[in-house]
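Since we're looking at a predicted model, the values are computed, not measured. Each chain gets a letter, A, B and so on, in the order its sequence line appears, and its residues count up from 1. Basis for what follows: all heavy atoms, side chains included, without hydrogens, waters or symmetry-related copies.
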2 protein chains.
Amino acid sequence: MFDGLCAFPLTPLSEDGVDQTALARLVGRITDAGVKSIGVLGSTGVYPYLSRDERREALQVAVGSAGDASVMSGIGAMRTREVIANAEDAQLAGASALLLTPVSYHRLTANEVFGLYRDVVSASSVPVFVYDSPGTTGFVFSDELLERIARLPRIGGIKIPPPPAGATASRLAELRGIFSPEHSIGLSGDWEAADALLAGYDVWHSVIAGIFPRHAMELADAALAGNAGTAREISRKFDPIWALFKSHGSLRVVAAIAEELGLTNPHSLPSPLKGLEDQTRSEIRDSLKLTGLDG
Amino acid sequence: MFDGLCAFPLTPLSEDGVDQTALARLVGRITDAGVKSIGVLGSTGVYPYLSRDERREALQVAVGSAGDASVMSGIGAMRTREVIANAEDAQLAGASALLLTPVSYHRLTANEVFGLYRDVVSASSVPVFVYDSPGTTGFVFSDELLERIARLPRIGGIKIPPPPAGATASRLAELRGIFSPEHSIGLSGDWEAADALLAGYDVWHSVIAGIFPRHAMELADAALAGNAGTAREISRKFDPIWALFKSHGSLRVVAAIAEELGLTNPHSLPSPLKGLEDQTRSEIRDSLKLTGLDG
């Protein structure tokens, strides 16, 4: 159900809350490109900034625009009871899977994170994916903790950040040893996607596919068919974008691209997050021209 | 108004929400000990885990039990609009000052943090203190950013984490150069308190004073009177507690102490945070006996 390319769209905001028209437009582009799974309310979907009502609204719009694509929903929150409420809302809205980041203020211990996943799978009837995002949560999963979580019922798999350079394939082998064959191992970090899919990762959790789904689909199709040359060539075309992702964070860059292309309002991020400054926006325009993505 | 000792109590929880009885008890102990300022909804007050209603409830109970002590309230949240709502609630409930941490999921830029403080002081009529807490937020303030924030109206001062060993006095000198004489420079990290007050910090933002206010008052009084020997001697008595703070985090340790002394329910922290495990609780009991604080 969640194999190959999973596109993570922005949750664009307007003055009044979720910009439903813009979100439906983004999800429509994704399904039009033939992408079969969509990750709503991921990090790019700014889930921690949204109220419970806004999350529900975003999910309803996304599921309503997703056609026959499967929707996976982020449910992370500071407190277990909020996570469980988000899980219930997401299932009611039609999400087929849940994505849980161990969000924290006081850094969580391994036992606390285990307890969180145990409590959430107990309250869920769809698969729950581990969302490993140390850059935002500050929490680092040990392999021992992953082994404990992998044995819980209804764990669907894991979404990991890009491994250190050169370790994409070896990390997959380690994760295959920790998880079972029925678990899905996915990777985020778009610049590593070609290598990751060629190495055998089950899913590419993609930010760029939220904004350029057709090109991301081409990359994924080539990699999944084992056409290494083509997949890497497509990825290389995106190099100027990957460089911007690495220096400014993928969220701010895709938000600026969406704003630039008129897909969202000019101020689509939740305060205190700001859009990128003028000079970087000008670099983004140049990158879009260079990659032929400005049309 | 916020000089000397400022005590930061827990916000103890029960199954149903804020444990109002326990919170009133903790605040009562603080004022009974003669402490003149109280920091409600600080990191120890688990503010990021509480709903807006729970924060309001905790503040009302704290202000209602504070007598003539001044109350400073934490207002941090992911989104600017929530921070401003919390600021309004806190002022309505009777807080005399606000304490703002740049909480984030996507790490904030310096300009975003500046924008946050600017927006919040514009919406507040009481002083707003900068709460520098890189261990929980992941955000590191540069001196250049602090200089920009210090020039905003209604900035009351700053609460910093303990500087690197040996740098408590020199960091104060640097901060005096960044802030103005009317700004209050305060330190958290109880094990550094004696040295900090002796060095001339204006405020000791104290976790231990939330649970042992009388002893903290003695330490603060000695240090503020310049009695270095006495202040350091009192601090040394707490060494076993400081060691536990450093290894388990002060929140989990004071929660366990409060539970141990029967000041709160046995499970006073918000899930997924758990109380400490049995072995550590036994170490805590030993430390309390050793320090004579078990009675």
| Out of B/S271, B/P102, B/A77, which one racks up the most heavy-atom pairs below 4.5 Å with chain A? | B/S271

| said: Looking only at heavy atoms and a cut-off of under 4.5 Å, which of A/T101, A/L108, A/L273 has the most pairs with chain B? | reply: A/L273

| Any B/L269 side-chain heavy atom under 4.5 Å of B/L13 side chain | no

| task | Decide yes or no for B/E88 and B/I84: does some side-chain heavy atom of the first lie under 4.5 Å from some side-chain heavy atom of the second? | result | yes

| request: Examine whether an atom of B/D119 lies under 4.5 Å from a heavy atom of chain A, and if so say whether it belongs to the side chain, the backbone or both; otherwise answer neither. | output: neither

| task | Could you check whether the rings of B/Y105 and A/Y47 sit parallel, tilted or perpendicular, using 30° and 60° as the cut-offs? | result | perpendicular

| task | Decide whether A/S188 and A/Y131 meet the rule of one side-chain donor and one side-chain acceptor closer than 3.5 Å. | result | no

| Under a 4.5 Å heavy-atom cutoff, which of A/E54, A/E82, A/E277 has the most pairs with chain B? | A/E54

| field | Per-residue contact mode, B/R52 against chain A (heavy atom under 4.5 angstrom) | value | neither

| field | Most chain B-contacting option - heavy-atom pairs closer than 4.5 Å, from A/G135, A/G138, A/G249 | value | A/G135

| query | For the residue pair B/F139 and B/F141, does the interplanar ring angle fall in the parallel (under 30°), tilted (30 to 60°) or perpendicular (over 60°) class? | reply | perpendicular

| field | Between B/T80, B/T136, B/L50, the one whose heavy-atom pairs under 4.5 Å with chain A are most numerous | value | B/T136

| Between B/P272, B/S51, B/P270, which is the residue that forms a side-chain contact (heavy atoms from CB on, under 4.5 Å) with A/R81? | B/S51

| query | With only heavy atoms counted, which part of A/S133 is less than 4.5 Å from chain B, the side chain, the backbone, both or neither? | reply | side chain

| field | Most chain A-contacting option - heavy-atom pairs closer than 4.5 Å, from B/V103, B/T137, B/N111, B/V46 | value | B/N111

| Quick one: do A/E260 and A/R285 make a salt bridge, cutoff under 4.0 Å? | yes

